[in-house]
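In what follows, chains are A, B, ... by sequence order, proteins preceding strands, each numbered from 1. Being a predicted model, the structure only gives us computed values, none of them experimental. Side chains included, hydrogens not; waters and symmetry mates left out as well; all remaining heavy atoms used.
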Protein chains: 2
Amino acid sequence: MATLGDVAALAGVSISAVSRVLSNDASARVSATTRTRITEAAKALNYRPNFAGRALKFSRSNVIALIVPDLTNAVFAELMRGVEDGALERGYVVLLARAEDMQPGGEMIDRLLGEGRVDGVLLQVGDHVAPEALASMLRAANPTVLVNSVHPGFSGSVTLDDIAAGRLATEHLLTLGHTRIALINGLTTTHTAQQRAIGFREALAAASGAGTAPGPDAAADSGPITWHGYEPRAGRAALRELMDAAEPPTAVVVANINAAIGVLGEARVLGIRVPEELSVVAIHDAWTAENTWPPLTTVRMPLYELGRRGVDALYARLHGETIADTVVSDPPPELLVRESTAPPIRR
Amino acid sequence: MATLGDVAALAGVSISAVSRVLSNDASARVSATTRTRITEAAKALNYRPNFAGRALKFSRSNVIALIVPDLTNAVFAELMRGVEDGALERGYVVLLARAEDMQPGGEMIDRLLGEGRVDGVLLQVGDHVAPEALASMLRAANPTVLVNSVHPGFSGSVTLDDIAAGRLATEHLLTLGHTRIALINGLTTTHTAQQRAIGFREALAAASGAGTAPGPDAAADSGPITWHGYEPRAGRAALRELMDAAEPPTAVVVANINAAIGVLGEARVLGIRVPEELSVVAIHDAWTAENTWPPLTTVRMPLYELGRRGVDALYARLHGETIADTVVSDPPPELLVRESTAPPIRR
DNA sequence: ATGAAAGCGCTAACAC
DNA sequence: GTGTTAGCGCTTTCAT
């Protein structure tokens, strides 16, 4: 690893001259000859500015941490890509971390930040994190931006339009002619699940309001909602529960694609044919949706853009700006009709 | 961010005293009183050693990079966990990077290493990387360890026992009574695919050798092999190809679980019932295997241990030891029988 | 037992 | 135009 000193020696100039040239200081006055001598020497030695030296000088690492609950969740693939691209564009490197290692109470994050390893944190909080645990790491001037999550009293979240997603998925089923529709949702504690439930109810209410006279109790019009979580096994449990009812649904909105995969599996076990006897539409798209049977109808969310906007927000915060919560709705949620949804069977 | 100087000032001692105490220098002679004064001051100020300062001093970052072709591939989940755990144990932090960003020709890796951001690299090379591209970054004293891959002339790989995996999967189908067995494999260029093919042929040869008289041309005994790749769509293409044959197989070994998911999907499209008309066993286990229909029989590989051993090897290399190639076979590949395999139909 | 000082690689203010 | 110098936070001789 060649240093500035090495380059300076080879070029026969001072260290500061080299520094000026190689960091392309605009206001640097250097003769053309020395400039070429320096750049050539640097190239010959394959010079790269030492990371630690810079970080020490600037007290800034140009690294941001991205923390997601589960790295292998295909849903986060796009998010990560967006973050990486946004970061690269701004000269940042992304340190990807497992939320697992971040327990308990953000000790690991404190370390990352406290030791100056990273300048800021992009945090997608997992479903099972208690708000209290979050509170400790969101205190004070902590350069953190929440992605896809919110926290009471914390300003600096960037989220998706989950209401629209819930509405879109539900409208699709209504359009097909379904009337008994259920929502297989995430945990009640999560903001995303709450939002998706709102969209679900909105669509149902609008339909019943338009189609029939507005009932006195709109609540009775709304379909059943389960709140088991976003994992495949949560989807399985939810479906069993719903199918036990006296009048089981003919269609379900599943708030997460992974849970939907569980729903599909459980439907097979229960002998329920999809889409003939049960239509399934899931929120979030991923490669897995094309490889289930039947292929899953999904609502594609702008996760890539979410990642980029998250970096934008963190960048702004790192530069002293106070940032407001933002909802990423461009491009808007998009319905991808595959083969898991169909009109209900007449009988 | 409190510095050593801050702690020293608060404790009323010199900076060097603080350094000695806080880095628990065993050979440091310090009075009990100053020691407690220092530790208390450090605690009061929530002191954390500055990363850049240390890295600069030691010319060592205590960070290793883990590069995998696709972060969201469930197969790598275990690998990552093993790496993280192994690294943490040794006081290292893991910088997770997309192979995507590493193109072309390892420019990004050169940067990571050249700027001193990481001390070494754990590299799982993707299927589509040309050996020439790899050669440039594996030259000289590059502190790199290949995981799950090999490179001609490069010593420092840690791999799995893919021969045993191929053999185990094939033996399972043989035991069920299948005689027309095919291998849906990865690209010919990948070491893992080659090894799995060896195991596949070994099992077939052993069976034909034991069951009948050893034929003069053992090659004729071996089942057909396709080499399309490890992705779902590669699996689909492979199945279509195999089923076009005059005597299609009654069972397939799929060299990768993701390809196997594609195989299952394509079987549905072709109207082939699994396992009645076609048994499917895949190498590598993941949560997805439990959620396909039917649930996939798989061969579980010790990927967690692979990760840990990879860190071991890199650590050794970073400390000047020359390391040999190693094969991680403890625990050995394990067959997980689910519902995608069954005896062939008699006719 | 404790402190002073040098130096890791870099940048920027300040000479000349 | 170019060089000298101080200092970012840390560890480690070397004095005392």
Rounding to an integer number of Å, can you tell me how far A/E115 CD sits from D/dC10 C1'? 13 Å
Protein proximity profile, nucleotides 7-12 of chain C - base contact B, sugar-phosphate-only contact S, no contact -, cut-off 4.0 Å on heavy atoms: BBBBBB
Please work out whether the ring planes of B/F51 and A/F51 are parallel, tilted or perpendicular, with thresholds of 30° and 60°. tilted
Scan side-chain atoms only and decide if A/N148 and A/T159 contain a donor-acceptor pair under the 3.5 Å cut-off. no
Donor + acceptor pair across side chains of B/S19, B/S16 (<3.5 Å): no
Do A/Y304 and A/D85 meet the criterion of a side-chain donor-acceptor pair at a distance under 3.5 Å? yes
side-chain contact (heavy atoms from CB on, under 4.5 Å) between A/L303 and A/V75, worked out: CA-CA 8 Å; A/L303 280 158; A/V75 170; 3.8 Å; yes
